[in-house]
Amino acid sequence: MTSTVDAQVLTTPAGPLSLLVHDGVLVAAGFTADPTRMFDRLPAALRALPLQAVEDLGKPVQAVRDYLEGDLFALDAVEVDQPGTPTRQRLLAALRAVPAGTTVSYAELAERAGLPRTAARAAGSACAKNLIAPFVPCHRVLPSVGGFGGYYYGSPVKEWLLRHERAI
């Protein structure tokens, strides 16, 4: 039996959300109606596998539904995996630990990962390369100078997520 990357697109108030799962683990998620956009960002080993649309990915889909219905911590229970250096993995783990309803600055995220505050650029880079939004909640990181900052899927999506979580 050939291994696949399974994909499902959900309709959400913030826009279509593509979820990609390999071997029961969420490997990509993002606000796009086209799962190939997420698939193309995966590591080469996963891109070598067939991408297959499925009816129901199970746990990640239920977690999104629960999150949208008000269980703001539902996404935390989904197993995720994405590539990165040890430093990036620390930043992604620190990012995943930022609770719904709160925000941090890039400098604070760096500190939470055990890095100096001056590593804010590294924190920003980890957010920019995050493959599993909103499960790895880069939308909860805001610039210390104010505003929403950048977001791969656009500021309106970031703002919707933060308002849904009552973080702003």
Side-chain angles (χ1 to χ4, degrees), residues 9-20 25-43 46 60-61 63-168:
V9 180
L10 302 176
T11 300
T12 79
L17 177 63
S18 290
L19 305 177
L20 280 66
V25 177
L26 190 66
V27 294
F31 290 93
T32 175
D34 181 3
T36 59
R37 283 190 57 208
M38 299 306 306
F39 185 76
D40 291 343
R41 295 177 64 202
L42 291 174
L46 290 176
V61 171
V64 170
R65 289 183 179 135
D66 292 346
Y67 171 82
L68 293 173
E69 289 174 7
D71 179 357
L72 301 181
F73 298 94
L75 303 180
D76 299 344
V78 175
E79 184 181 356
V80 300
D81 183 45
Q82 62 183 312
T85 64
T87 298
R88 182 166 171 228
Q89 291 298 326
R90 286 175 32 209
L91 285 160
L92 292 172
L95 184 54
R96 194 119 202 250
V98 175
T102 65
T103 62
V104 296
S105 70
Y106 292 99
E108 289 169 326
L109 179 62
E111 281 187 325
R112 289 176 180 214
L115 303 170
R117 289 182 69 81
T118 54
R121 285 183 94 100
S125 177
C127 288
K129 294 176 183 173
N130 177 24
L131 294 176
I132 311 177
F135 294 80
V136 178
C138 49
H139 64 276
R140 296 181 190 149
V141 184
L142 299 174
S144 57
V145 295
F148 289 107
Y151 189 63
Y152 190 86
Y153 302 102
S155 293
V157 172
K158 184 173 187 171
E159 183 177 357
W160 187 91
L161 292 166
L162 291 171
R163 288 193 188 287
H164 175 67
E165 295 177 0
R166 296 182 261 338
I168 58 169

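- For residues 147-161, the salt bridge (charged side-chain N to carboxylate O under 4.0 Å, His left out) pairs, not counting sequence neighbours, are Glu159-Arg163.
- Residues forming a side chain to side chain contact (heavy atoms under 4.5 Å, CB included) with Tyr152 (at least two apart in sequence, or on another chain): Arg37, Arg41.
- Thr103 contributes atom OG1, which lies 10.0 Å from atom NE2 of His139 (distance to the nearest 0.5 angstrom).
- For the pair Asp76 and Phe135, the minimum side-chain heavy-atom distance is 4.5 Å or more.
- Put simply, the side chain of Leu92 does not reach to within 4.5 Å of the side chain of Arg96, judged on heavy atoms.
- Side-chain contact check for Asp34 and Thr32: no donor-acceptor pair (N or O, by modelled atom type) lies under 3.5 Å.
- In this structure, Leu20 and Pro35 have side chains that are in contact, with non-hydrogen atoms separated by less than 4.5 Å.
- Scanning for side chain to side chain contact (heavy atoms under 4.5 Å, CB included) contacts around Pro86 gives an empty result, with sequence neighbours left out.
- Pairing each heavy atom of Leu68 with each of Pro13, the nearest pair is CD2-CD, 3.9 Å.
- Under the salt bridge (charged side-chain N to carboxylate O under 4.0 Å, His left out) criterion, Arg117 pairs with Glu111, sequence neighbours left out.
- The nearest pair of heavy atoms linking Leu17 to Pro134 is CD1-CD, 4.0 Å.
- Residues Ala74 and Asp66 approach most closely at CB-CB, 3.7 Å, considering heavy atoms.
- Side-chain contact between Phe148 and Leu162 is present, with heavy atoms from C-beta onward closer than 4.5 Å.
- Side-chain contact check for Leu10 versus Pro16: every heavy-atom pair is 4.5 Å or farther apart.
- Closest of all the heavy-atom pairs between Ala63 and Val78 is CB-CG2, 3.5 Å.
- Among residues two or more places apart in sequence or in another chain, the ring pair (Phe, Tyr, Trp, His ring centres under 6.0 Å) test is passed with Tyr67 by His164.
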Could you go through the side chain to side chain contact (heavy atoms under 4.5 Å, CB included) check for Asp81 and Leu26 one step at a time?
-> CA-CA 6 Å; Asp81 183 45; Leu26 190 66; over 6 Å; no
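- The side-chain heavy atoms of Pro137 and Leu161, taken from C-beta on, include no pair separated by under 4.5 Å.
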Give every donor-acceptor pair under 3.5 Å between a side-chain atom in residues 120-130 and any protein atom, sequence neighbours left out.
unit_1: Asn130; atom_1: OD1; unit_2: Gln82; atom_2: NE2; d: 3.0
unit_1: Asn130; atom_1: OD1; unit_2: Ile132; atom_2: N; d: 3.0
unit_1: Asn130; atom_1: ND2; unit_2: Val136; atom_2: O; d: 2.7

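- Sorted pairs that involve residues 80-128 and meet ring-ring contact (aromatic ring centres under 6.0 Å, His included), not counting sequence neighbours, are lacking altogether.
- For the side chain to side chain contact (heavy atoms under 4.5 Å, CB included) test, no residue two or more places apart in sequence or in another chain qualifies with Asp40.
- Counting heavy atoms from C-beta on, the side chains of Val141 and Val98 never come closer than 4.5 Å.
- With sequence neighbours left out, the side-chain hydrogen bond (donor to acceptor under 3.5 Å, both in side chains) criterion links Tyr151 to no other residue.
- Here CE of Met38 is found 9.5 Å from CG of Leu19. Values are rounded to the nearest 0.5 Å.
- Put simply, the side chain of Thr12 gets close to the backbone of Gly15: a donor and an acceptor are under 3.5 Å apart.
- Scanning both residues, Gly147 and Leu142, for their nearest heavy atoms gives O-CD2, 3.9 Å.
- Atoms OH and SG, on Tyr153 and Cys138 in that order, are 8.0 Å from each other to the nearest 0.5 Å.
- Evaluation of the salt bridge (charged side-chain N to carboxylate O under 4.0 Å, His left out) test over residues 132-150, restricted to residues two or more places apart or in two chains, returns Arg140-Glu165.
- Every side chain to side chain contact (heavy atoms under 4.5 Å, CB included) that Ala113 has, sequence neighbours left out, goes to Arg90, Leu91, Ala94, Leu115.
- Listed by chain and residue number, nothing satisfies the salt bridge (charged side-chain N to carboxylate O under 4.0 Å, His left out) test with Glu79 (two or more places apart in sequence, or in another chain).
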